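This report concerns only the one structure given below.
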Amino acid sequence: MKNIADITVLGAGSYGTALAISLANNGHKTLLWGHNPQHIELLQNQRCHQKALPGVHFPDCLLLEADLKTALAASNNILVVVPSHVFSSVLSQAKDLLRSDSRIVWATKGLEPETGRLLQDVARDIIGDSYPLAVLSGPTFAKELAAGLPTAISIAGTDNAFTQDLIHLLHSPKRLRVYANDDFIGLQLGGAVKNVMAIGAGLSDGIGFGANARTALITRGLVELSRLGKAVGAQPDTFMGMAGLGDLVLTCTDNQSRNRRFGLALGKGLDIDTAQVEIGQVVEGYRNTKEVYVLAHRLGVEMPIVEQVYQVLYQGKSAVDAAKALLSREQKSETQDQH
Ligand SMILES: NC(=O)C1=CN([C@@H]2O[C@H](COP(=O)(O)OP(=O)(O)OC[C@H]3O[C@@H](n4cnc5c(N)ncnc54)[C@H](OP(=O)(O)O)[C@@H]3O)[C@@H](O)[C@H]2O)C=CC1
Ligand SMILES: O=C(CO)COP(=O)(O)O
């Protein structure tokens, strides 16, 4: 089947739109699909996502589409950028509409709700083993990416030709540096776990702790991520890269992160529902905390920060009590059980 677009992006939220703008700015015909026809009509009329990316005008080669069948027929390259809790439902809708040559990449950060399975397993369960798969992960705030500010990201997948084609589509010498990585599992895990740590960093800052505590949390958060990574078969080096340390530092330290802002609000005493409504966009880390907690328990991996964030979000523990529990843990060597 002939391509009408170079790539189709599924998900017209802040990040899907930012990636579509970035691809279109590289001169690639990019089709952006959203599930809400009114929203797509608004984007088409304004040629801008005013709410999420104010002031960023859509390039001419960015096309808008509300019909999933048309969107999936338009290109064999499909970039999925929907929140993790609807990832399976979007792929289920897409399943019978995919082309035989479709190739699927996602920038969704998270795991399967309730089970904590990697999205690669969710994807394979739904669409089978025959389609090439890939994941994009790294420190990439949508607003900065859409504004063309310098950004770096990593990509890994099951098919070298597909990842190379994606690098060609996404890479821009002035704006976006794309690193190839061969750790498909590690890239998926990093994006989910850093969201939990960003909530933890927000909680710490929200209750009035300082830079020392925040930095300790990032550092120990990296240890927890590496430990879980080892248990699921990721490569340790991955977590020193964009999808590990990079995304942890970004989201734990900058208030553009919705997960960090969510933690900040809870740390200052807001309840979960009010904090989520105030943020007004997806707070992936809320669900990711449960997913990572479930996965870590299933594999018997010790993740004390994840455990405390889980207790704050799902068991009514106060942020202060969670911090006390972390500080009063048994004395140990820094490198003991590090990996
Ligand atoms: N924003 C960022 O800076 C970054 C985000 N990401 C990841 O990208 C993913 C998407 O996040 P982001 O774009 O920021 O989230 P937003 O909250 O900005 O947007 C989510 C979008 O998903 C749409 N959506 C909800 N349910 C469905 C569904 N069933 N089918 C199709 N679309 C649906 C929403 O539509 P509606 O509003 O109509 O419900 C909305 O347009 C997340 O996993 C996030 O972690 C990764 C890196 C950076
Ligand atoms: O993943 C992100 C940046 O890399 C976006 O982080 P938040 O979802 O916390 O805003």
Side-chain angles (χ1 to χ4, degrees), residues 8-22 32-43 49-53 64-68 71-72 79-94 105-113 119 122 135-147 149 151-154 176 187-188 190-202 241-265 275-277 279-289 291:
T8 285
V9 179
L10 303 184
S14 51
Y15 196 43
T17 308
L19 281 166
I21 290 170
S22 191
L32 176 63
W33 170 84
H35 71 148
N36 177 344
Q38 285 84 35
H39 175 60
I40 291 299
E41 199 182 336
L42 188 69
L43 298 189
H49 192 321
Q50 286 291 5
K51 189 168 165 237
L53 308 168
L64 281 308
E65 181 56 63
D67 179 55
L68 187 58
L72 292 169
L79 168 55
V80 182
V81 202
V82 296
S84 59
H85 66 281
V86 297
F87 183 82
S88 66
S89 88
V90 169
L91 279 195
S92 300
Q93 289 169 62
V105 54
W106 58 89
T108 301
K109 289 177 177 168
L111 305 172
E112 183 175 50
L119 296 184
V122 178
V135 65
L136 275 174
S137 191
T140 53
F141 284 136
K143 271 190 183 158
E144 294 192 11
L145 180 70
L149 295 175
T151 299
I153 195 166
S154 294
L176 184 58
L187 255 60
Q188 294 171 70
V193 175
K194 70 86 192 173
N195 284 338
V196 185
M197 299 305 164
I199 294 177
M242 294 299 157
L245 183 62
D247 219 355
L248 268 174
V249 171
L250 183 86
T251 42
C252 289
T253 62
D254 192 286
N255 283 349
Q256 285 178 77
S257 165
R258 298 157 298 188
N259 290 293
R260 180 181 150 76
R261 291 205 307 275
F262 178 61
L264 271 172
Q276 277 190 327
V277 169
I279 287 158
Q281 284 183 354
V282 69
V283 179
E284 280 284 30
Y286 177 68
R287 287 191 182 81
N288 296 165
T289 300
E291 296 156 5

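Numbering of ligands and ligand atoms starts at 1, following listing order. This is a predicted model, so every value here is computed, not measured. FYI, the numbering just counts along the sequence from 1. Below, all heavy atoms of this structure are taken into account, side chains as well, without hydrogens, waters or symmetry copies.
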Tell me whether [X] contacts the main-chain N or O of [Y] through its side chain, where contact means a donor paired with an acceptor under 3.5 Å.
| X | Y | answer |
| --- | --- | --- |
| K109 | G138 | yes |
| H85 | R287 | no |
| T8 | A71 | yes |
| W33 | A66 | yes |
| R260 | C252 | yes |
| S137 | L187 | yes |
| T108 | V82 | yes |
| T289 | G285 | yes |

Is [X] in polar range of ligand 1, meaning some N or O pair under 3.5 Å apart?
| X | value |
| --- | --- |
| A142 | yes |
| G13 | yes |
| V282 | yes |
| K109 | yes |
| Q93 | no |
| H39 | no |
| T108 | no |
| W33 | no |
| Y15 | yes |

Protein heavy atom at shortest distance from [atom]:
| atom | result |
| --- | --- |
| atom 27 (C) of ligand 1 | H35 CE1, 3.4 Å |
| atom 45 (O) of ligand 1 | E284 CG, 3.2 Å |
| atom 8 (O) of ligand 2 | R258 NH2, 2.9 Å |
| atom 30 (N) of ligand 1 | V90 CG2, 3.4 Å |
| atom 2 (C) of ligand 2 | K194 NZ, 3.3 Å |
| atom 9 (C) of ligand 1 | V82 O, 3.9 Å |
| atom 7 (C) of ligand 1 | A107 O, 3.7 Å |
| atom 22 (O) of ligand 1 | P83 CD, 3.3 Å |

Donor + acceptor pair across side chains of E284, S84 (<3.5 Å): yes
What do you reckon, does G34 put a non-hydrogen atom under 4.0 Å from ligand 1? no
Would you check whether A12 reaches within less than 4.0 Å of ligand 1, judged by its heavy atoms? yes
Less than 4.0 Å is my threshold; does some heavy atom of Q281 fall inside it relative to ligand 2? no
Is the shortest distance from a heavy atom of G138 to ligand 2 less than 4.0 Å? yes
At a non-hydrogen distance cut-off of under 4.0 Å, which region of [X] contacts ligand 2 (side chain, backbone, both, or neither)?
| X | result |
| --- | --- |
| E284 | neither |
| L250 | side chain |
| K109 | side chain |
| N259 | both |
| S257 | both |

Taking C-beta and beyond as the side chain, do N195 and N288 meet within less than 4.5 Å on heavy atoms? yes
Which ligand 2 atoms, with their elements, are less than 4.0 angstrom from a heavy-atom of D247? 3 (C), 4 (O)
Which of the numbered atoms in ligand 2 are under 4.0 angstrom from any heavy atom belonging to P139? 4 (O)
[X]: numbered ligand 1 atoms lying under 4.0 Å from its heavy atoms:
| X | value |
| --- | --- |
| F141 | 3 (O) |
| T140 | 3 (O), 47 (C), 48 (C) |
| V81 | 8 (O), 10 (C) |

Is there a nitrogen or oxygen of T140 sitting under 3.5 Å from a nitrogen or oxygen of ligand 2? yes
May I ask which of R258, Q281, K143 has a heavy atom nearer to atom 14 (O) of ligand 1 than the others do? R258
d(T251 OG1, Q256 CD) to nearest 0.5 Å is 11.0 Å
Please report the interatomic distance CG(L32) to CG(L19), rounded to the nearest 0.5 Å. 10.0 Å
